[in-house]
*Asks:* 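This is the structure I have questions about; it appears just below.
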Amino acid sequence: MIKEKGQTLLEVLLAFSASILVLSAIIIGITTSLSNTQYTKNQNLANSYSKEGMAVVRQIRDSSWPKFSSYTTTTYCLNQSSVALTESVLPSLTCGPNVAGVFSRSVKFEHASASCIADPSCSGPACLRGSKVTITVSWSDNKCPVGNPICHKVELITCFSNIDQKQAP
């Protein structure tokens, strides 16, 4: 009879340990799933914000090619619901969180870019080259390593030219 009581206690402890292991695995799985869902949501939002930023740059190009051409190779910040670019004032040439309080959206111009040649068979400085525009949307979350505050980014790169621009009479 005494052996049976000890055996029952051991069975209860084993069942309890197995239950704790199963619950721990379920909790870890749910936590990982929620973290991945949040990352995917942020990545989709960043893609949308980069497309929105490119639409703003396109609007600037369409309204005034000289204004578009006047942007230098410095980093410009594009705030949420803004149609104007502001030059980055931070020493690292980055923009602070300026979209939804989480995302940092920046714009860089590279005029007469070699990667934007209109006619690939053309060579030399006489060839028409477009302006390369890079929209970068970055953010951080709990997956970022210590010392790297913003570790995720989405970049959208497009070449613009004034070929399709209507000439003023």
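Note that the coordinates shown come from a computational prediction; the quantities given were computed from them, not determined experimentally. Values below: every heavy atom of this structure, side chains too, minus hydrogens, waters and symmetry copies.
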*Asks:* Look only at the side chain of Ser50 and the backbone of Asn47, and say whether a donor-acceptor pair between them is shorter than 3.5 Å.
*Replies:*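 Side chain of Ser50 to backbone of Asn47: a pair is present.
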*Asks:* Residues in side-chain contact (heavy atoms from CB on, under 4.5 Å) with Lys51, at least two apart?
*Replies:*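 Lys51 satisfies side-chain contact (heavy atoms from CB on, under 4.5 Å) with Leu156 only.
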*Asks:* Is a donor on one side and an acceptor on the other found under 3.5 Å between the side chain of Ser35 and the backbone of Thr31?
*Replies:*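 No: the side chain of Ser35 does not pair with the backbone of Thr31.
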*Asks:* Is Val107 close to Val57 at the side-chain level, that is, under 4.5 Å between some pair of heavy atoms?
*Replies:*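 A side-chain contact under 4.5 Å exists here.
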*Asks:* For the residue pair Cys159 and Ser115, what are the closest heavy atoms and their distance?
*Replies:*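 The pair with the smallest heavy-atom distance is SG-O, 3.9 Å.
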*Asks:* So, for Asp141 and Tyr39, which heavy atoms are closest and what is the spacing to 0.1 Å?
*Replies:*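 Heavy atoms of Asp141 and Tyr39 come nearest at OD2-CD1, 3.9 Å.
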*Asks:* More than 12 heavy atoms of other residues, nucleotides or ligands under 6.0 Å from CD of Glu155: is that the case?
*Replies:*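 Counting other residues, nucleotides and ligands, CD of Glu155 exceeds 12 neighbours.
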*Asks:* Does a side chain donor of either Thr72 or Thr74 reach within less than 3.5 Å of an acceptor in the other side chain?
*Replies:*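 No, because no side-chain N or O of Thr72 sits under 3.5 Å from a partner of the opposite role on Thr74.
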*Asks:* Can you confirm whether Ile60 sits close enough to Tyr71 that some side-chain heavy atom of one is under 4.5 Å from a side-chain heavy atom of the other?
*Replies:*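 Yes, their side chains come closer than 4.5 Å.
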*Asks:* For Leu13, does its backbone N or O pair with a side-chain atom of Ser17 as donor and acceptor, under 3.5 Å?
*Replies:*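 Side chain of Ser17 to backbone of Leu13, a donor-acceptor pair under 3.5 Å: yes, one is there.
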*Asks:* Give a yes or no on whether Val22 and Leu14 share a hydrophobic cluster (residues Ile, Leu, Val, Met, Phe, Trp, Tyr; joining criterion: side-chain heavy atoms under 4.5 Å apart).
*Replies:*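 Result: no, two separate clusters.
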*Asks:* Are any side-chain N or O atoms of Ser82 and backbone N or O atoms of Leu78, one a donor and one an acceptor, separated by less than 3.5 Å?
*Replies:*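 Not a single qualifying donor-acceptor pair exists.
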*Asks:* So do Gln59 and Val83 actually touch side chain to side chain, heavy atoms under 4.5 Å?
*Replies:*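 Result yes, sub-4.5 Å side-chain heavy-atom pair found.
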*Asks:* Hey, what do you get for OG1 (Thr37) to CD1 (Ile30), rounding to the nearest 0.5 Å?
*Replies:*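 Rounded to the nearest 0.5 Å, the OG1-CD1 separation comes out at 11.5 Å.
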*Asks:* Donor-acceptor pair, Ser104 side chain versus Cys95 backbone, under 3.5 Å?
*Replies:*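 Flag set: sc Ser104 to bb Cys95 pair under 3.5 Å.
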*Asks:* Could you tell me the separation between the CG atom of Leu45 and the CD atom of Glu52, rounded to the nearest 0.5 Å?
*Replies:*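 One gets 10.5 Å once the value is rounded to the nearest 0.5 Å.
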*Asks:* Which ring-ring contact (aromatic ring centres under 6.0 Å, His included) pairs, counting each pair once, include a residue from residues 42-64, with sequence neighbours left out?
*Replies:*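 Non-adjacent pairs meeting ring-ring contact (aromatic ring centres under 6.0 Å, His included): Tyr49-Phe103.
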*Asks:* Using every non-hydrogen atom in the two residues, find where Gly53 and Arg105 come nearest and quote the distance to one decimal.
*Replies:*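 Heavy atoms only, the tightest pair is N-NH1, 3.6 Å.
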*Asks:* So how far is it from Phe160 CZ to Ser113 OG, rounded to the nearest 0.5 Å?
*Replies:*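 It comes to 13.0 Å.
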*Asks:* For Thr75 and Lys108, work out which heavy atoms get closest and say how close.
*Replies:*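 Looking at all heavy atoms of both residues, the closest pair is OG1-CE, 3.6 Å.
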*Asks:* Quick check on the hydrophobic clustering: are Met54 and Val56 connected, directly or via other members, by side-chain heavy-atom contacts under 4.5 Å?
*Replies:*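 In one cluster: yes.
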*Asks:* So which heavy atom on Arg61 is nearest to which on Phe68, and how close?
*Replies:*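 Distance-wise, the nearest heavy atoms are CB-CD1, 3.6 Å.
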*Asks:* Give me the atom names and distance for the closest heavy-atom approach of Ile157 to Lys132.
*Replies:*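 For Ile157 versus Lys132, the nearest heavy atoms are CG2-CE, 3.7 Å.
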*Asks:* Enter the distance from Cys77:SG to Leu85:CG here, rounded to the nearest 0.5 Å.
*Replies:*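 So the SG of Cys77 and the CG of Leu85 are separated by 9.0 Å.
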